[in-house]
Amino acid sequence: MTPPPAETNEFKGKTGAKRVWNALFYSMAGFKAAFKHEDAFRQETILAAFMIPAAFLLADAAVARALMIGSVLLVLLVELINSAIEATVDRISLENHKLAKRAKDIGSAAVFVSLVNVVVIWSLILTS
């Protein structure tokens with residue numbers, strides 16, 4: 001089955017600057033929802049608020065700062081995606097199901113890998 005043409009879909013009708021403007025507000029709503037409803041995102045955002053300025057103080061080279069800041073932002077990105085996966089799975093059903101558990105566990109593993117990435121990058125830069 002093919003999706004309806006863009007002109008018949010109210011969510012796909014915006015183009016150009018109007019679309020970018022709307023996307024900005026959808027993104028802000030997403031940040032607000034994640035911060036309000038997701039403890040892990042809130043904790044990681046607070047850590048990022050300390051770690052990003054610390055990267056400017058602790059790293060001399062621009063590349064090192066970029067890696068340190070990028071690794072922290074990656075954690076936030078992966079946490080947002082993980083939270084979206086969890087919300088979608090919960091919306092479908094709250095019953096225990098092996099595929100729902102698998103989806104949530106894989107999302108959690110992705111967050112874990114991003115956190116390990118921060119530890120590795122910051123350790124390598126700070127000890128070199």
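Position 1 is the first residue of the sequence, and the numbers go up from there. Values below: every heavy atom of this structure, side chains too, minus hydrogens, waters and symmetry copies.
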Linked, directly or transitively: Val120 and Val78 (ILVMFWY side chains, under 4.5 Å): no
Pairwise distance OG(Ser83) to NE2(His37) - rounded to 0.5 angstrom: 11.0 Å
Closest approach of Ala103 to Val89 (non-hydrogen atoms, all atoms of both residues): CB-CG2, 4.1 Å
CG-CG distance between Asn117 and Leu74, expressed to the nearest 0.5 angstrom: 6.0 Å
Leu124 CG to Met68 CE distance, which is reported to the nearest 0.5 Å: 11.0 Å
CG (Asp60) with more than 12 external heavy atoms under 6.0 Å: no
Shortest non-hydrogen separation from Ala55 to Trp122 and the atoms involved: N-CH2, 4.0 Å
Single-linkage hydrophobic cluster, 4.5 Å side-chain cutoff, Leu115 and Ile52 together: yes
Test side-chain contact (heavy atoms from CB on, under 4.5 Å) applied to Arg102 and Ile106, step by step: CA-CA 6 Å; Arg102 183 187 310 167; Ile106 291 170; 3.6 Å; yes
Connected via hydrophobic side-chain network under 4.5 Å: Ile46 and Ile69: no
Result of checking Leu67, Leu58, Val63 against Ile125 for side chain to side chain contact (heavy atoms under 4.5 Å, CB included): Leu67
Shared hydrophobic cluster for Leu80 and Met28 (ILVMFWY, side-chain gaps under 4.5 Å): yes
Distance, nearest 0.5 Å, that separates CD1 of Ile92 from OG1 of Thr88: 6.5 Å
With Phe56 via ring pair (Phe, Tyr, Trp, His ring centres under 6.0 Å) - residues at least two apart: none
Distance, nearest 0.5 Å, that separates NZ of Lys104 from CG of Asp90: 3.5 Å
Test item: Arg65 side-chain N/O and Ala59 main-chain N/O as donor-acceptor pair under 3.5 Å: yes
Val113 reachable from Leu77 in the ILVMFWY side-chain graph, under 4.5 Å edges: no
Where Ala48 and Leu76 come nearest, the two heavy atoms and their spacing: CB-CD1, 4.0 Å
Criterion side-chain contact (heavy atoms from CB on, under 4.5 Å) on Phe41 and Asn82, from CA distance to verdict: CA-CA 10 Å; Phe41 183 75; Asn82 181 50; over 6 Å; no
Gap separating the CZ atom of Arg42 from the CD atom of Glu38, nearest 0.5 angstrom: 8.5 Å
